[in-house]
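One is the number of the first residue; the rest follow in order along the sequence.
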Amino acid sequence: MSKVVMSLPEGMVKNCLIGGGISLLSYVLLQMLCALLVDRGVLGLDQLYPLVCVTAALASFLGCGYSVLKGKGASMLSVPVVVVVFLSLTLAAALLTTDTIRIENGLTGLGLSMAAGGLLAALVGYNLPKGKRARTGSRRRRK
């Protein structure tokens, strides 16, 4: 194995794949909810693209949040990996359902929304309390 793979925290690859799956599943469920709202007439078609970006950010936040919480805060390297897994799974699904994917169709906004959700999860995860911390200083003996 290469040195990079050997130096990764234990279980990071598994947590990243599960986080990407959580992101994709929550994204699909949120898109179904958005489609239901558009079908019922609650939202118009002009509001669909901003809603897609918001759901992508929320789904990315959920998946990255999972990987940050399971990673025990040791490394924030899992956040961009989860975003890449989520984006690649989304692009693979898009390639299976359409002939071409163009940047003019909003791919940039979708990718930036996914990155923003991951960044928010990293910031929230970094600021969470770490639990019981070991004392770094030496203890003084009482005489």
State, to 0.1 Å, how close G20 and L89 come at their nearest heavy-atom pair, and which atoms those are.
O-CD1, 4.2 Å

A side-chain contact here means heavy atoms from C-beta on lying under 4.5 Å apart; do T90 and M114 qualify?
yes

For the atom pair CD1 (I22) and CG (L17), what is the distance rounded to the nearest 0.5 Å?
11.0 Å

Do you know which two heavy atoms are closest between S113 and A56, and how far apart they sit?
CB-CB, 4.2 Å

Between atom CG of L110 and atom CZ of F86, what is the distance when rounded to the nearest 0.5 Å?
7.0 Å

When rounded to the nearest 0.5 Å, the distance separating CG of L119 from CG of L112 is 11.5 Å

Using a 4.5 Å cut-off between side-chain heavy atoms of Ile, Leu, Val, Met, Phe, Trp and Tyr, which other residues end up in the same hydrophobic cluster as L30?
L58

For L45, give me all partners under side-chain contact (heavy atoms from CB on, under 4.5 Å), at least two apart in sequence or on another chain.
V38, L48

Residues S26 and A59: closest non-hydrogen pair is OG-CB, 3.3 Å

Step by step, would you call C64 with V83 a side-chain contact (heavy atoms from CB on, under 4.5 Å)?
CA-CA 7 Å; C64 291; V83 172; 3.7 Å; yes

Using every non-hydrogen atom in the two residues, find where A122 and V79 come nearest and quote the distance to one decimal.
CB-CG2, 3.9 Å

Minimal heavy-atom distance between G19 and V82, with the atoms involved, is C-CG1, 3.8 Å

